[in-house]
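Count residues from 1 along the sequence.
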Amino acid sequence: MHDPFRPLSARQFEPRPFERRPADRLSLSPFTPKGQARLVAGDLTEACHLAVEEQLGRLWGLIDRNGHFQLDPGPRLASPEDLIGINAPAQWAGLAVAFPATRTDYSVRPPRSDAILVGYATDRAGRSTTLMMEPSGQLLPASTADPVGHVPDVCRRALGLSTEPEPTSPAVIAITTWILDVIERSIDTSPNDVEWSELAALHPLADLVPDCDPSGLAAATRSDIELSSWESTRSTALALGRGLGYFSHEDLLWLDGPSLGRFILRGTMSPAEALWLANSELGPDVAALLAACVPDELMLH
């Protein structure tokens with residue numbers, strides 16, 4: 001199995017790290033400003049709506065009051081990542097957040113992006129609701145599928161709930177980093193002078209394929225996909241007492257495997273994008289050899 005740590009520290013990985021406030025940045029002591037009435041919602045949907053209407057970028061605790069939710073304002077959040085490491089108080093039956101976001105319509109050319117407001121609320125039973133709204137207040141249709149992404153992830157983890165599975169394998173990072181390593185090693189070399197054996201030797205699973213045959217490297221990678229998972233990557237880092245990428249050891253204790261994977265993948269170039277770059281920089285022949293080493297499963301990321 002490939003080393004799950006090297007790719008995350010490679011210069012070419014180019015993660016898009018988020019800025020985090022100091023560890024003591026957030027106080028979870030519920031408060032209500034003097035003279036302000038408590039907000040009460042009949043259900044999660046109404047709680048979500050109130051979170052969007054009242055104040056963007058604030059965490060709201062939901063306290064069960066005889067079947068209704070009382071919204072207690074918590075700390076301000078610059079981004080969903082500010083929730084990493086936060087554990088909701090036991091008296092909170094759930095929580096709600098709202099943030100500005102961007103919706104992109106790819107059905108038009110060129111694609112059009114519009115500012116929207118997004119609210120999300122969930123409870124300790126795992127029930128959740130999502131609301132999308134234009135700045136004018138016009139509600140937008142939301143998917144009926146279970147939401148997956150950074151906001152649901154951090155909200156669920158703050159309540160101690162597991163997150164939805166992440167289907168993309170950690171092998172994506174290792175293979176993308178290998179392709180970028182090849183480009184860096186060969187960018188100043190004429191395509192006619194590129195030695196495949198030298199490039200293949202950089203592959204994280206090269207030791208398992210002595211002849212460095214592309215189909216053999218693809219098969220070894222496919223086996224690695226079946227063995228690796230984000231939870232095993234997280235567990236290995238914890239067992240070694242270390243962080244992973246721009247996540248500290250404490251962050252890894254708080255995150256679960258799927259949520260960790262989604263945050264890391266957010267800053268990762270896909271194998272397809274890396275191959276496009278290889279074709280541009282090294283020519284189609286070298287790019288074709290590299291592509292032959294990448295299983296189809298990883299090309300979908």
Side-chain angles (χ1 to χ4, degrees), residues 25-105 113-165 254-256 258-259 262:
R25 67 204 181 280
L26 301 177
S27 168
L28 278 182
S29 300
F31 68 92
T32 297
K34 197 170 184 178
Q36 180 175 316
R38 296 279 188 181
L39 297 173
V40 177
D43 56 20
L44 282 177
T45 299
E46 188 177 354
C48 190
H49 203 290
L50 285 173
V52 172
E53 286 187 335
E54 288 296 318
Q55 191 169 48
L56 297 178
R58 183 177 290 285
L59 174 65
W60 298 87
L62 307 182
I63 298 179
D64 192 345
R65 300 297 191 201
N66 298 319
H68 292 73
F69 289 123
Q70 174 185 302
L71 276 71
D72 271 7
R76 294 296 305 271
L77 306 172
S79 68
E81 289 81 10
D82 273 342
L83 266 173
I84 292 178
I86 296 300
N87 296 307
Q91 66 266 30
W92 285 10
L95 51 82
V97 293
F99 293 99
T102 301
R103 181 183 62 164
T104 302
D105 183 358
S113 295
D114 299 306
I116 62 171
L117 311 176
V118 175
Y120 177 78
T122 188
D123 65 13
R124 292 189 182 273
R127 295 180 293 258
S128 66
T129 186
T130 303
L131 179 149
M132 295 190 297
M133 180 188 295
E134 294 179 348
S136 64
Q138 177 67 39
L139 288 176
L140 299 168
S143 172
T144 57
D146 289 337
V148 177
H150 303 314
V151 172
D153 283 349
V154 293
C155 289
R156 292 181 65 86
R157 294 307 298 151
L159 293 172
L161 302 175
S162 59
T163 62
E164 293 294 318
W254 189 87
L255 294 162
D256 62 2
S259 57
R262 278 187 283 275

| message | Listing request: all salt bridge (Lys or Arg N to Asp or Glu O under 4.0 Å) pairs with a residue in residues 119-130, at least two apart in sequence or in separate chains. | response | Asp123-Arg127
| message | I'd like to check Leu140 versus Ile116 (side-chain heavy atoms, cut-off strictly below 4.5 Å). Are they in contact? | response | yes
| note | Of all heavy-atom pairs linking Tyr120 and Ser128, the shortest is OH-CB, 3.4 Å
| query | Does a side-chain heavy-atom distance below 4.5 Å link Ser259 with Arg157? | reply | yes
| Is there side-chain contact between Asn87 and Trp92, with at least one heavy-atom pair below 4.5 Å? | no
| request: Using distance alone, with no hydrogens and no angle criterion, decide if Gln138 and Ser136 have a side-chain donor and acceptor under 3.5 Å apart. | output: no
| task | Taking the side chain as every heavy atom from C-beta outward, state whether Asp114 and Thr102 have any atom pair closer than 4.5 Å. | result | no
| field | Where Trp60 and Leu71 come nearest, the two heavy atoms and their spacing | value | CE3-CB, 3.9 Å
| Which pair of heavy atoms, one from Leu117 and one from Pro100, lies closest together, and at what distance? | CD2-CA, 4.3 Å
| said: On a heavy-atom basis, which atom in Thr104 and which in Ser113 lie closest, and how many Å separate them? | reply: OG1-OG, 2.9 Å
| Thr163 side chain near Arg262 side chain, heavy-atom distance below 4.5 Å | yes
| task | Measure the shortest side-chain to side-chain distance between His49 and Leu139 over non-hydrogen atoms and say whether it is less than 4.5 angstrom. | result | yes
